[in-house]
S.K.: 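Sharing a structure with you now.
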Amino acid sequence: MEKVRRATRWHGWPAAHVWSLWTRYACTAYYSHPEAWDEIGFGGPAFPAGYARLGLDRRERWEVADAHPQAPAGPAPEPPPLPAVTDPGRHGEAAAAWATLRQTTRRQRAVRRRNASAWLLPPGGLGFDHRLLRDMRRYRDEDEVDLLIVGCGAGGSVLAQRMARAGWSVVVLEAGPFWDPLRDWVSDEYGSHQLYWTEPRVLAGSDPVPMGSNNSGRGVGGSMVHFAGYTPRFHPSDFATRTRDGVGADWPLSYDDLRGPYERLEAELPVAGQYWPWGEPHAYPHAPHPVGGNGQVFLRGAAALGIEARVGPVAITNGRFGRRPHCVYRGFCLQGCKVNAKASPLVTHLPDALAHGVEIRADAMASAVELGPDGLARGVRYLRGGREHLQRARTVAVAGYAIETPRLLLNSACKRFPEGLCNDHDQVGRYVMVQGAPQTSGRFEQEVRAYKAPPPEVSTEAFYETDPTRPYQRGFTIQNISPLPITWSEHVVAQGHWGANLRQYLSDYVHWATLGAMAELLPQADNRVTLAEEKDRHGLPVAQFAYSQCENDRQLIAAARGAMEALLTAAGASEVITIDRYAHLVGGCRMAARPEDGVVDRDLRSFAVPNLLVTDGSVLPTQGAANPALTIMALVDRAAGVLAAGARAGLRTPGGGRR
């Protein structure tokens, strides 16, 4: 019977897969409705006040006890063996306390002098100051600006703000809209899908990566608009994995090169968390946030197993910062923070960039980087309002992220670069990486209500480094995640439940705690972006992304799953369930010491075209077991300093009149 079921197909697709999709679509439609929220005990967005009562079995005054607190009968799970701790964390209590005190009591004047974005929000800190847009400087296409940036996410926004402060004339092209947090962002999982890049892409490989949700962004602010706020640093070991562990690639720079940028960005976002004992131990500028039920479960399991775990680090204000309000723990971090407490370029760098003369040209889809007769970049062709334009520039930076940046360079093929711009050595589009991101949920008798507090409440990097006793190289991290109703329904549907059994699991929502891992999957040359025959709505060839795991990847993901199941079981879970998924795209235009090995140098300048830079996550040679946002911003901060210190050729274009 099982063989027949697997063989049955519907319009060429396996029937089981089609059934799973339809079940997920039905759950999406139902569990996006407040009536379904009442059924499962979800309190909704709680805006503007947020949640005040965090922790196990704690309810707001208006919340009621769950109607069915009993878990399904069955034996308690056997915990899997725990992987060996590879970095137990290093911190003397006195030194950690002193470093934390110095950071958290530091005045904000130094931050404001270099980036006043937090003080340029409207009074009260909500929304976006529309005067900045109304008074935004506007350039003509024929004006040769000092710098033209494609993409307004983590890398593009930091570069724009830094170079505008250095006196450069800057235009940023962004394919998506300019968001207004109060007008455009909604406290609704389904309604927030507009924040994702959902343009067509062709997927291939033995382990294709689903696109368009947790790994790409659309609009001003990029994917940081809907990231969870988790902002750890990379470890020193990440910069020399080939030398240390015999896998991946060595970076053309070291952790020491990014220490200063890390510190500057942590202060500007700002980052809140306990003293961090792993990698290079360091403190954070904001104190850690209070811990909800989800985090308490993690801390309980970690204590039972003797694993170091810490609260944070998250780029979410704990207390006021400039005009930005503190977090109110409303649980919709992944849907765009209407409170402006969570960092995104829209509130952390772009107000200051606009105040210093940057033009952000939204709804402008870049189609090709154009070279002049001298072989240098002279501008970018883009589509806006049904017309093609060419914005001239003295320097061009591409910051479209790991899929769209290689796609733009490949679509910019010309006589000098017939296989794609900067692609002399067939490196453009290669070594694209994702992180293995399995999620494990555990069922508890107490009400967890995981949707309260920031999603990455508690983390551990105890398994970050290579374990020499295991057959795989590199490691993983674990943190809390807090699936909202639709995401939780997808988690349960993936277990094969349906009908009354599915409804029972979904109605049990408030009793489940969830952990998520980030496993460092290795760079492979054949995991790459190429151009497909299919065209998008602009008539441009779309990206084809091929991805396949290697055996090291599979073993590492299995180890991460086992560690999460052990933690939840040790915390007292009566049942654990796990799904496999991916997160965080990086690579595709990696930096290297030689042009034969990469696309850009240590300063993010392309080897082939001296006035063309790549300033996004596509330059990362390896990805670590950490969210890449902070490292992307730190790399760009460093590159901007190098760029500002260099001499510009020729005269600046004066004026730049309004259009």
S.K.: Testing the 3.5 Å rule here: is there a donor-acceptor pair between the side chains of E189 and T487?
M.R.: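 Their side chains do contain a donor-acceptor pair, which is all the 3.5 Å distance test asks for.
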
S.K.: With a 4.0 Å cut-off on N to O distance, would you call R114 and D352 a salt bridge?
M.R.: no

S.K.: Taking the basic N atoms (NZ, or NE/NH1/NH2) and the acidic carboxylate oxygens, is any pair closer than 4.0 Å for D637 and R162?
M.R.: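 Judged by the 4.0 Å cut-off on N to carboxylate O distance, D637 and R162 do form a salt bridge.
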
S.K.: Is any NZ, NE, NH1 or NH2 atom of the basic residue among E266 and R233 found under 4.0 Å from an Asp or Glu carboxylate oxygen of the other?
M.R.: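 A salt bridge links E266 with R233.
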
S.K.: Identify the residue among L613, V609, L612, V145 that makes a side-chain contact (heavy atoms from CB on, under 4.5 Å) with V396.
M.R.: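 Looking at L613, V609, L612, V145, the match for V396 under the side-chain contact (heavy atoms from CB on, under 4.5 Å) is L612.
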
S.K.: Output yes when R384 and D141 qualify as a salt bridge under the 4.0 Å nitrogen-oxygen rule, no when they do not.
M.R.: no

S.K.: Are R605 and D603 close enough for a salt bridge, meaning some N to O gap below 4.0 Å?
M.R.: no

S.K.: Can you check whether R361's main-chain N or O pairs, donor with acceptor, with E174's side chain at less than 3.5 Å?
M.R.: no

S.K.: Using ring pair (Phe, Tyr, Trp, His ring centres under 6.0 Å), reason through F42 and Y31 one step at a time and then give a plain yes or no.
M.R.: CA-CA 10 Å; F42 175 51; Y31 289 99; over 10 Å; no

S.K.: Between E60 and A52, is there a donor-acceptor pair closer than 3.5 Å when you use the side chain of the first and the backbone of the second?
M.R.: yes

S.K.: Below 6.0 angstrom between ring centroids: does that apply to Y262 and F234?
M.R.: no

S.K.: Is the shortest distance from a Lys or Arg side-chain nitrogen in E359 or R138 to a carboxylate oxygen in the other one below 4.0 Å?
M.R.: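 No.
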
S.K.: Using a strict threshold of under 4.0 Å (side-chain N to carboxylate O), is an ion pair present between R392 and E370?
M.R.: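 Not counted as a salt bridge, because no side-chain N and carboxylate O are separated by less than 4.0 Å.
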
S.K.: So, the side chain of H289 versus the backbone of I316: is there a donor-acceptor pair under 3.5 Å, distance only?
M.R.: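 Yes: the side chain of H289 pairs with the backbone of I316.
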
S.K.: Can you confirm if the aromatic rings of W37 and Y451 lie within a centre distance of less than 6.0 Å?
M.R.: no

S.K.: Just by distance, do the side chain of K342 and the backbone of F227 share a donor-acceptor pair under 3.5 Å?
M.R.: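 The answer is yes, because a donor-acceptor pair under 3.5 Å joins these two groups.
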
S.K.: Quick one: CG on L350 to CG on N115, what's the gap to the nearest 0.5 Å?
M.R.: 9.5 Å

S.K.: Any ion pair linking R218 and E199 (charged N to carboxylate O, less than 4.0 Å)?
M.R.: no

S.K.: How long is the straight-line distance from CD of Q623 back to OG1 of T631, given to the nearest 0.5 Å?
M.R.: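 Rounded to the nearest 0.5 Å, the OG1-CD separation comes to 11.5 Å.
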
S.K.: Please tell me whether Y230 and N480 have a donor and an acceptor in their side chains that are separated by less than 3.5 angstrom.
M.R.: no

